[in-house]
Novice: 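Quick one: this structure, given as structure tokens, is what I'll be asking you about.
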Amino acid sequence: MTTTDSTPLPNFIRNIIAEDLKANKNDGRVHTRFPPEPNGYLHIGHAKSVCLNFGLAAENGGLCNLRFDDTNPSKEDIEYVESIKSDVRWLGFDWGDRLFYASDYFEQLYQYAVQLIKLGKAYVCDLSAEEIREYRGTLTEPGKDSPYRTRSVEENLDLFERMRAGEFEDGSRVLRAKIDMASGNLNMRDPVIYRILRATHHRTGDKWCIYPMYDFAHGLSDSIEGITHSICTLEFEDHRPLYDWFLDELKVYHPQQIEFARLNLSYTVLSKRKLIELVEGGYVTGWDDPRMPTISGLRRRGFTPESIRNFCERIGVAKRDSIVDMALLEHCIREDLNERAPRVMGVLRPLRVVIDNYPEDQVEELDAPYHPENPGMGSRKVPFSRVLYIEREDFCEDPPKKFFRLAPGREVRLRYAYYITCVRVVKDEQTGEVLELHCTYDPETRGGWSSDGRKVKGTLHWVSAAHSLEAEVRLYDRLFVKANPSGEKDGPDFKTYLNPKSLETLTSCRVEPSLAGAAPGSRYQFERLGYFCVDSVDSSDSKLVFNRTVSLRDSWAKIAKKEKK
RNA sequence: UGGGGUGUCGUCAAGCGGUAAGACACAGGAUUUUGGAUCCUGCAUUCGGAGGUUCGAAUCCUCCCACCCCAGCCA
């Protein structure tokens, strides 16, 4: 692979860290963290962040923590924390003994809030949610001070303690930071830092009825863990002054927040809200539907962790909004699988071929390497007999220009087998549909070579009818027909651009017998077709199910398309 | 009309005052028992625009334009 072992490409965060290291900031420590909220499944956009945070630590001899930002029990669930842990692990990263939760720090966070009150920098506010919104002002007009802003430290201390004790109703009071209601930055207009919320937390149960807000919990958690570089996405850029404010007011260790642009990928969506909509609306079969850009979906589709890591390195890290071409992700998985996937033969849409001059009961076991360019991968035997299947689209009665597959009177090579010539076409008299082909084979071409130097232009994949196994094959394509489904602000809903052909299920496919008992999750190249993996959910010994990870590049399709125009 | 960001090839993206890396995509060609893979070759006289500073600017200054984010007791 290309970029994995070479010197990492420069990006602005690597530059910052290099400078910090040179200046011996943080005593030369690099300590990052990946901080997901356990309220959904990880997707490829998260993979970018995972690779960034764990990667930056690893390449600088540092550490990266996995920390769940679990400050809102009403949206979070243990199911998500488990899936996130397994996805990060699958991607190839190790947090060692540093699995943390913001909820680990609830008591300490509470004490920090008390300290802020004592400093006169926080107060309990009795305004309702709607009133707080009104008092906040607008983007262009300053807000106005809450009437509770001037409460005494003693009263605030008492009230906050009673908030914790459960004396007040949900939503009746909040703790707010006392900053500046006239700030141009709305985040600084006395932001809420604690709310009353009676919800059972997946880790702390009913111990708490007040929960800290993100801005308060996040930076302080970073501080507690000794994080040096707190990397987050662009939308938190105007939270940075607040991030800094808490740390400065409390005079605690101060990590540096750095923001980068989140990943956008063409022909898909990468927002939790939209992905949930696809799952709950039944547009896909679940979070792990192979069409989903989730880590679990990509895994089930047949992507390798290596290919995803490589992709995340190649897309770079910057601050400008961008949409990465899905073709790059496809390139990354092809590049990886080209090297490691064993080659086998499978026929998706079988067309029966009878070799008229091949002995009725004869069967030959032909040798076929698993990887022509890597003999080390070994070989297997493929049975050849009188009745075969070839791909329907590899035969054309009236071939167009540049078509060099099978046609009446034409000779082609069957991969690793023999040259065959089509001598007769059997068609349905009614419909004209081609039912079967009769061919002759040249016994002198065993293995696919001819001693007389005769050239054939086409090589076809095939299986022996009697020996092949039936399989179901699911052909996946891009989930959306539009590069940027959510591109127009006031345009139609993103779901109107769903690709109706994103899944095509083929049930009468035939694959070579060596695939019997293929392990769930194992990946193969079906020669001339693409990369496929055994479905980890629906495949079994009695019923093989393959998912197409990605097709092979198809220059014939390009030529055919061009000729058509 | 407030605040915070960003604008370099079709798509990503280096570049940090010395004369536009690389990748994907695309287009040619070689090679090939996968129309795959591999290998060559081509692909921004120009960096959102206009001025200015300088021997020299994508890089510095000024003005303008476009796009993104922010008014959750979400993260």
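Chain identifiers are assigned alphabetically (A, B, ...) following the order of the sequence lines, protein sequences preceding nucleic acid strands; residue numbering begins at 1 within each chain.
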Novice: Give one of base, sugar-phosphate or nothing for Tyr194(A), where a contact means two heavy atoms less than 4.0 Å apart.
Specialist: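 Since no nucleic acid heavy atom lies under 4.0 Å of Tyr194(A), the category is nothing.
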Novice: When the C1' atoms of A37(B) and U45(B) are considered, how many whole Å apart are they?
Specialist: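 That atom pair is separated by 37 Å.
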Novice: Please determine if Lys178(A) and Asp190(A) form a salt bridge, counting it only when a charged side-chain N lies under 4.0 Å from a carboxylate O.
Specialist: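 No, no charged N to carboxylate O under 4.0 Å.
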Novice: In whole Å, I'd like the distance from the CG atom of Leu234(A) to the C1' atom of C67(B).
Specialist: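 Atom-to-atom, Leu234(A) to C67(B), this comes out as 13 Å.
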Novice: Looking at the side chain of Val174(A), which of G35(B), A37(B), C73(B) is the nearest nucleotide?
Specialist: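 The answer is C73(B).
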Novice: So which nucleotide does C16(B) pair with, by the Watson-Crick or G-U wobble rule with both distances under 3.5 Å?
Specialist: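 For C16(B), the partner nucleotide comes out as none, under the 3.5 Å rule.
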Novice: When the C1' atoms of C40(B) and A44(B) are compared, how many Å lie between them, rounded to an integer?
Specialist: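 Those two atoms are separated by 22 Å.
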Novice: Just to be sure I understand the rule, does Glu527(A) reach a base, reach only the sugar-phosphate, or reach nothing, if contact means heavy atoms closer than 4.0 Å?
Specialist: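 Since a base atom lies under 4.0 Å of Glu527(A), the category is base.
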Novice: Rounded to the nearest 0.5 Å, how far does CZ of Phe236(A) lie from CD1 of Ile231(A)?
Specialist: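 It is 14.0 Å, given to the nearest 0.5 Å.
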Novice: Please report, rounded to the nearest Å, how far the C1' atom of C68(B) is from the CD atom of Glu259(A).
Specialist: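 Result: 14 Å.
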Novice: For Arg343(A), which contact category applies under a 4.0 Å heavy-atom criterion: base, sugar-phosphate, or nothing?
Specialist: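 It contacts base atoms.
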Novice: Could you state the CD-P distance from Glu330(A) to A25(B), rounded to the nearest angstrom?
Specialist: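 Distance check: Glu330(A) CD to A25(B) P gives 9 Å.
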Novice: In whole Å, what separates the P atom of U59(B) from that of C47(B)?
Specialist: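 About 9 Å, rounded to a whole number of Å.
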Novice: Counting only side-chain N and O atoms of Arg405(A), is one of them less than 4.0 Å from OP1 or OP2 of G35(B)?
Specialist: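 It does not, given that no N or O in the side chain of Arg405(A) lies less than 4.0 Å from OP1 or OP2 of G35(B).
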Novice: Check the distance between C73(B)'s P and Met163(A)'s CE and give it to me in whole angstrom.
Specialist: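 In whole Å, C73(B) P lies 13 Å from Met163(A) CE.
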Novice: Select base, sugar-phosphate, or nothing to describe what Tyr211(A) touches, counting heavy atoms under 4.0 Å on all strands.
Specialist: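 Touches nothing.
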Novice: Between Arg14(A) and Glu313(A), does any side-chain N to carboxylate O distance fall below 4.0 Å?
Specialist: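 Salt bridge present between Arg14(A) and Glu313(A).
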Novice: Decide, yes or no, whether a salt bridge links Asp70(A) with Lys75(A) under the criterion of side-chain N to carboxylate O below 4.0 Å.
Specialist: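 The answer is no: the pair does not qualify as a salt bridge.
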Novice: Salt bridge or not for Glu391(A) and Arg528(A), using N-O below 4.0 Å?
Specialist: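 No, this pair does not count.
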Novice: I want to verify a distance call: between A25(B), C74(B), A23(B), whose nearest atom is closest to the Met213(A) side chain?
Specialist: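 The answer is C74(B), which lies nearest to the side chain.
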Novice: Among C70(B), A75(B), G35(B), which nucleotide sits nearest the side chain of Leu139(A)?
Specialist: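 Nearest nucleotide to the side chain: C70(B).
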Novice: Mapping Arg334(A) and Asp170(A) onto RNA chain B by nearest heavy atom, which one lands closer to the 5' end?
Specialist: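 That would be Arg334(A).
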Novice: Mind checking who G72(B) pairs with, Watson-Crick or G-U wobble, both distances under 3.5 Å?
Specialist: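 Paired with no nucleotide.
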Novice: Work out how far the P atom of A50(B) is from that of C9(B), and round it to whole angstrom.
Specialist: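 Between the two P atoms, the distance is 16 Å.
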Novice: Arg176(A) side chain N/O closer than 4.0 Å to the phosphate oxygens (OP1, OP2) of C73(B)?
Specialist: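 Indeed not, no polar side-chain atom of Arg176(A) lies that close.
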Novice: Verify the contact: side-chain N or O of Arg195(A) to OP1 or OP2 of C74(B), cut-off strictly under 4.0 Å; return yes or no.
Specialist: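 Arg195(A) to C74(B) OP1/OP2: side-chain N or O found under 4.0 Å.
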Novice: Tell me whether Arg203(A) forms a cation-pi arrangement with Tyr101(A), defined as NZ or CZ under 6.0 Å from the six-membered ring centre and within 45 degrees of its axis.
Specialist: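 So Arg203(A) does make the cation-pi contact.
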Novice: Which residue is it: Glu335(A), Glu373(A), Glu306(A)? I am looking for the one with a salt bridge (Lys or Arg N to Asp or Glu O under 4.0 Å) to Arg340(A).
Specialist: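 So, applying the salt bridge (Lys or Arg N to Asp or Glu O under 4.0 Å) to Arg340(A) and each of Glu335(A), Glu373(A), Glu306(A), only Glu306(A) qualifies.
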Novice: Looking at every strand, decide which applies to Ile323(A) at a 4.0 Å heavy-atom threshold: base, sugar-phosphate, or nothing.
Specialist: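 Contact class for Ile323(A): sugar-phosphate only.
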Novice: Going by ring centres under 5.5 Å and near-parallel planes (under 30°), is Tyr214(A) stacked on A75(B)?
Specialist: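 The base of A75(B) is not stacked with Tyr214(A) (the test needs centres under 5.5 Å and planes under 30°).
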Novice: Can you confirm whether more than 12 heavy atoms, excluding those of Arg478(A), are under 6.0 Å from its CZ atom?
Specialist: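 More than 12 within 6.0 Å, yes.
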Novice: Please state the C1' separation for the pair A66(B) and A75(B) - nearest whole angstrom.
Specialist: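 Taking atom C1' in both A66(B) and A75(B), they lie 29 Å apart.
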Novice: Determine which nucleotide pairs with A57(B), using a 3.5 Å limit on both distances of a Watson-Crick or G-U wobble pair.
Specialist: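 Pair assignment: A57(B) / none.
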Novice: Using the C1' atom as the point on both nucleotides, what is the distance between U41(B) and G49(B), in whole Å?
Specialist: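 Per the computed distance, 35 Å lies between those C1' atoms.
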Novice: Answer with base, sugar-phosphate or nothing: what part of the nucleic acid does Leu127(A) contact at a heavy-atom distance below 4.0 Å?
Specialist: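 Counting heavy atoms under 4.0 Å across all strands, the contact made by Leu127(A) includes a base.
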Novice: Any ion pair linking Glu364(A) and Arg446(A) (charged N to carboxylate O, less than 4.0 Å)?
Specialist: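 Yes, Arg446(A) and Glu364(A) are salt-bridged.
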Novice: With the side chain of Asp69(A) defined as its heavy atoms from C-beta on, choose the nearest nucleotide among C24(B), A75(B), C12(B).
Specialist: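 Selected nucleotide (nearest to the side chain): A75(B).
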Novice: May I ask which nucleotide in the shown strands pairs with U6(B), Watson-Crick or G-U wobble, both distances under 3.5 Å?
Specialist: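 Paired with A66(B).
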Novice: Of Ser322(A) and Asp238(A), whose nearest nucleotide on RNA chain B comes first from the 5' end?
Specialist: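 Its nearest nucleotide lies further toward 5', so the answer is Asp238(A).
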Novice: Please determine if a side-chain N or O atom of Thr140(A) lies less than 4.0 Å away from the OP1 or OP2 oxygen of G3(B).
Specialist: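 No, outside the criterion.
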Novice: Confirm from the modelled atom types if Glu373(A) and G36(B) form a donor-acceptor pair under 3.5 Å, side chain to base only.
Specialist: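 It does, because a donor-acceptor pair links the side chain of Glu373(A) to the base of G36(B) below 3.5 Å.
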Novice: Look at His461(A) and U34(B) and indicate whether a side-chain polar atom (N or O) is within less than 4.0 Å of OP1 or OP2.
Specialist: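 Checking His461(A) against U34(B): no side-chain N or O falls below 4.0 Å of OP1 or OP2.
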Novice: State the pairing partner of A21(B); accept Watson-Crick or G-U wobble contacts with both distances under 3.5 Å, and report none otherwise.
Specialist: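 Checking every strand shown, A21(B) finds no partner, since no pair has both distances under 3.5 Å.
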Novice: Under a 3.5 Å cut-off for both contacts, is G42(B) paired Watson-Crick or G-U wobble with anything, and if yes, with which nucleotide?
Specialist: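 C26(B) is the nucleotide pairing with G42(B).
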Novice: Check this one for me: any side-chain N or O of Lys558(A) less than 4.0 Å away from OP1 or OP2 of A25(B)?
Specialist: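 For Lys558(A), the contact criterion (side-chain N or O under 4.0 Å from OP1 or OP2 of A25(B)) is not met.
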Novice: Of all the choices, G2(B), G5(B), U34(B), which nucleotide is nearest to the side chain of Arg528(A) once you look at every atom?
Specialist: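 Side chain of Arg528(A) sits closest to U34(B).
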Novice: Looking at the side chain of Arg320(A), which of C69(B), A13(B), G5(B) is the nearest nucleotide?
Specialist: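 Between C69(B), A13(B), G5(B), the one nearest the side chain of Arg320(A) would be A13(B).
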Novice: Could you check which of A71(B), G36(B), G35(B) has an atom nearest any side-chain atom of Arg133(A)?
Specialist: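 Ranking A71(B), G36(B), G35(B) by closest atom to the Arg133(A) side chain puts A71(B) first.
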Novice: Applying the Watson-Crick and G-U wobble criteria at under 3.5 Å, what pairs with U32(B)? Answer none if nothing qualifies.
Specialist: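 Partner of U32(B): none.
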Novice: Is there a side-chain contact between Asn15(A) and the phosphate of G15(B), meaning an N or O under 4.0 Å from OP1 or OP2?
Specialist: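 Yes.
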Novice: Please determine, for the side chain of Ala318(A), which listed nucleotide (C73(B), A13(B), C74(B)) has the closest atom?
Specialist: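 Per side-chain heavy atoms of Ala318(A), the pick is A13(B).
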Novice: If you look at every strand shown and take non-hydrogen atoms under 4.0 Å, does Phe260(A) touch a base, only sugar-phosphate, or nothing?
Specialist: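 Touches nothing.
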Novice: Regarding Arg164(A) and the six-membered ring of Tyr110(A), is the cationic atom NZ or CZ under 6.0 Å from the ring centre and inside 45° of its axis?
Specialist: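 Yes, Arg164(A) and Tyr110(A) form such a contact.
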Novice: Between Ser128(A) and C73(B), is there a side-chain N or O to OP1/OP2 distance below 4.0 Å?
Specialist: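 So the side chain of Ser128(A) is outside the cut-off, no N or O lying under 4.0 Å from OP1 or OP2 of C73(B).
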Novice: Roughly how many Å apart are A58(B) and U46(B), using the C1' atom of each and rounding to a whole number?
Specialist: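 That atom pair is separated by 9 Å.
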Novice: Does a nitrogen or oxygen in the side chain of Arg136(A) sit under 4.0 Å from OP1 or OP2 of G72(B)?
Specialist: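 Looking at the OP1 and OP2 atoms of G72(B), one of them is under 4.0 Å from a side-chain N or O of Arg136(A).
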Novice: Counting side-chain heavy atoms from CB outward, which of U6(B), A23(B), A75(B) is closest to Asn72(A)?
Specialist: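 That would be A75(B).
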Novice: Across all strands shown, which nucleotide pairs with A37(B) by Watson-Crick or G-U wobble geometry, both distances under 3.5 Å?
Specialist: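 No nucleotide pairs with A37(B).
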Novice: Taking C68(B) as the reference, what is the distance to C12(B) when you measure between their P atoms (whole Å, please)?
Specialist: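 Result for the P pair: 14 Å, nearest Å.
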Novice: State which of C24(B), U34(B), G2(B) makes the closest approach to the side chain of Ala327(A).
Specialist: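 Among the listed nucleotides, the one closest to the side chain of Ala327(A) is C24(B).
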